[in-house]
Structures are given as structure tokens and as C-alpha cells.
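We use all heavy atoms of the structure for the numbers below, so side chains are in, but hydrogens, waters and symmetry mates are not. Counting starts at 1 for both ligands and their atoms, in listed order.
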Amino acid sequence: MESLFSIRDLRKYYPLGKKKREGRTEEVVLKALDGLSFDIFPGETLGVVGESGSGKSTLGRCILNLISPTGGSVLFRGKPIESLRSWEMKSLRQDMQMVFQNPSSSFNPKLTIGRTLRNVAYFYDMGRQEGRDRINRLLAYVNLDQTVLSRRSEELSGGQLQRLAILRALIPSPAFIMADEPVSALDVSVQAQILNLLDDMKKEFGLTMMFISHELTVVEHICDRILVMYLGTIIEMGDTEDLFSHTAHPYTRALIAAKPKMYPDEETERVVLEGEVPNALDIPQGCRFYSRCPQAVSGRCDKAPPPLREVSGGHWVACYLVQGAASSRGREVMTPVTEQPKAI
Ligand SMILES: Nc1ncnc2c1ncn2[C@@H]1O[C@H](COP(=O)(O)OP(=O)(O)OP(=O)(O)O)[C@@H](O)[C@H]1O
Ligand SMILES: [Mg+2]
């Protein structure tokens, strides 16, 4: 299947100035993303999970071209988005929308909700009546009353605002929605409603979605595939069912073990992570998970970063300890695009 997005060797480095070490002055660079390659296929929901600071939001922003990567490429339907001109980007923006974590800060408190939503419709060149009709139809879809249009964001609950944020994203009929922690700021009682709405919306409008969360329980139920990040790299990626039933990376196993049990007597593997989270400013030369890995092998795992390899159909893992399976059935990671394709 042709991908909607192709991400190849994506890097985002933040230079943070200089510091002295052992008498020498060194450039301090924070590697928020360090060589990610993967595809997002039409119609799928791809979950991106990882701890705070692992680079999830940075990845989302690079994909939507809200920030420029330091290296590598993001192709949308085969076109490199980082080299698009502003007018080309406007039409692409219509296809790619975002739902943020904190709905209350994503609405201008001075404007009524109706004004904010109509501004979005006008921005995408809809006529006055066309915009109003679309907003009214979508209001019914997200299960809100038309009276919200005359109110301001401070007068609405977090759940209502997140429904409106979803509505706003749907106004230009996008092909792709990036949802960055869309339920983590909400009360537990409304989280499930918003997740169900996102899931229904994806099916109803045939959308492709990237869903960022630090909680596996959240992505497990609505994502077709899951990508696990650790300190700016992918450490495991695969179909949701496969990732849970054939978990390969010790870090993913620890994340799964940490997820709350559905039933008190449910059997779960106990994996305790020891050691310190490495500093993103001083990335270890071997596996980034080495200092916390319960199975790390000294002299092997701490020498060079393990490559991301396909251990079974569509299941990719970066760990020397699963290399046995990889060497018989697996193949090397997708080759990064080193030459930048020409701008359209
Ligand atoms: N503008 C910036 N300048 C410098 N460093 C940045 C900048 N933006 C992000 N970072 C750093 O990049 C790393 C990744 O940040 P990012 O926000 O992508 O993480 P995240 O996985 O989304 O975390 P969270 O779960 O807390 O939202 C962090 O170490 C962060 O401090
Ligand atoms: Mg984030």
C-alpha cells in the first residue's frame, strides 16, 4: 500500500550553547529525534507512545511541518513537505489537522466559539452559508448544542472544549489528524467519551490518524499499529495485537507491565525498571535503554546502538537480544533517503 507519510532518517537537534568539559569547549546539542524511519498508511491509526521527553510531540510537529527538522525527510503523498512554499503549505494544511492536549488554551478566550469556528471556515475559503452549515452539521456529530456557539471557552468544560477542538479540526475535511495527548488533560470520566468520538470520527470520515500518548492503555484500544519511542528513537513498532502478544523489547514489556490491570486477579508480568533515565544531552554510545534494561549484556549492548530490524511481518525491534529471531527471518531497517527529493 502506498504510504500517506514516509518519514526517513528524521532528525531534530537543538543546539543549547557551549560548555567546558575537561578543559575543552564543546557544543551542547539535545537530540530530540535521532534518525527515525517509518511510514503512515492511509486509513490507519498509528499510536506513538513513550515517556515524557522521548520526542513524541517533536515528531508530531516535524511531520506537520510546524518545526523544521535538522535532517532527514518527511514526504506527504510522495512530496517533501519541508520544502513547500507557503501557498502550497496552505492547501496541505487543509489535509493535515491537529488536536492538542489542552483544549482550554487552544481557543482564543476573547472570541465566542462561533466566531472562532467561522474564522476557520473562512480561512479555508468556505462561503458564509457553507461554513455555517458545515459547523452546524459537525456540532450535531460531536453531540453539542448550538448554544455553545455564543459562549466563550472559559464558560465550557474541558470535555466540551475537546469536542469543539475535534470539530474545528474536521471543518476543512482533512485526510490526516494528529492528536497529541488529546485526553490526558481531561477528567477520567470524559476520557472514554472523547476516545470513542475520535474512533468513530476516523471510521465515519475515513481519516488517517497519528495518536500520541504516554499511556499504552489509551492507544491500545484505538490504534491499529503502535510505535514505541525511547530518547528520540524508535525501539519497537508493530501491529497493536502483535505488539501485545509478541512483545519483543524489554522497554515495551516494562510499559505493558506498568499498565493498570483491568481485573484484580489478572496475571501480568512484573518488570521493574532500574537505573537512571539517560540524559538527552549526553546520549550513551550503545543502546539508549542500556542503563535501565534488566537483560542488558555488558560488552554487547553498550558498544553501539542496536539497529531497528524487522523480526516478523511489520514488527520492528531495536534490541540485540531479539537479534536471533531477526537474523533468520528479519531484514534491515528501511534505507534512509539520503538525497533530498526535488521540491514540487
Ligand atoms: N524548542 C526546544 N528547545 C530545546 N529543547 C527542546 C525544545 N522542544 C523540545 N525540546 C526537548 O526535546 C525533547 C523531546 O521533547 P518532546 O516535547 O518532543 O517530548 P514528549 O515525548 O512530547 O514529552 P511529553 O510526554 O512530556 O509531552 C525533550 O528533552 C525536550 O526538552
Ligand atoms: Mg509531548
Identity of the nearest option to atom 23 (O) of ligand 1, non-hydrogen atoms only, from P15, S184, S213, G53: G53
From the candidates L33, T58, V48, the one that places a heavy atom nearest atom 15 (O) of ligand 1: T58
Pair R253, Q295: side-chain N/O donor-acceptor within cut-off below 3.5 Å: yes
Member of R288, R11, K12 meeting the salt bridge (charged side-chain N to carboxylate O under 4.0 Å, His left out) criterion with D34: R288
Side chains of H315 and E236, donor plus acceptor under 3.5 Å: yes
Polar atom proximity, K56 to ligand 1 (N or O, under 3.5 Å): yes
Sub-4.0 Å heavy-atom contact, E51 with ligand 1: yes
Backbone N/O of L64 and side chain of R93: donor-acceptor pair under 3.5 Å: yes
Cation-aromatic face contact K303/Y290, 6.0 Å, 45 degrees: no
Which residue and heavy atom of the protein sit nearest atom 26 (O) of ligand 1, plus the separation: S52 OG, 2.5 Å
Donor-acceptor contact below 3.5 Å, side chain D39 vs main chain S3: no
Full working for ring-ring contact (aromatic ring centres under 6.0 Å, His included) between F176 and F5: CA-CA 10 Å; F176 176 73; F5 285 97; 4.6 Å; yes
Heavy-atom check, side chain of L198 versus side chain of F211, under 4.5 Å: yes
Over-ring placement of R168 relative to F107, 6.0 Å and 45° cut-offs: yes
Within-cutoff protein neighbour (heavy atom, under 4.0 Å) for atom 30 (C) of ligand 1: no
Residue and atom name of the nearest protein heavy atom (relative to atom 11 (C) of ligand 1), distance in Å to one decimal: L30 CD2, 3.6 Å
Within the 6.0 Å centroid threshold, strictly below: F289 and H249: yes
Modelled atom types, side-chain donor and acceptor of R134 and Y124, under 3.5 Å: no
Protein N, O or S atoms lying under 2.8 Å from the Mg ion (ligand 2), listed by chain and number: S57 OG
Close approach, G50 and ligand 1, non-hydrogen under 4.0 angstrom: no
Plane angle bin for Y141 and F205 - parallel if under 30°, tilted between 30 and 60°, otherwise perpendicular: perpendicular
Shortest protein contact, atom 27 (O) of ligand 1 (heavy atom only): S57 OG, 3.9 Å
Protein residue, atom and distance nearest to atom 10 (N) of ligand 1, heavy-atom basis: Y14 CE1, 3.6 Å
Close N or O approach (G55, ligand 1; < 3.5 Å): yes
Polar contact flag for A32 and ligand 1 (N/O pairs, less than 3.5 Å): no
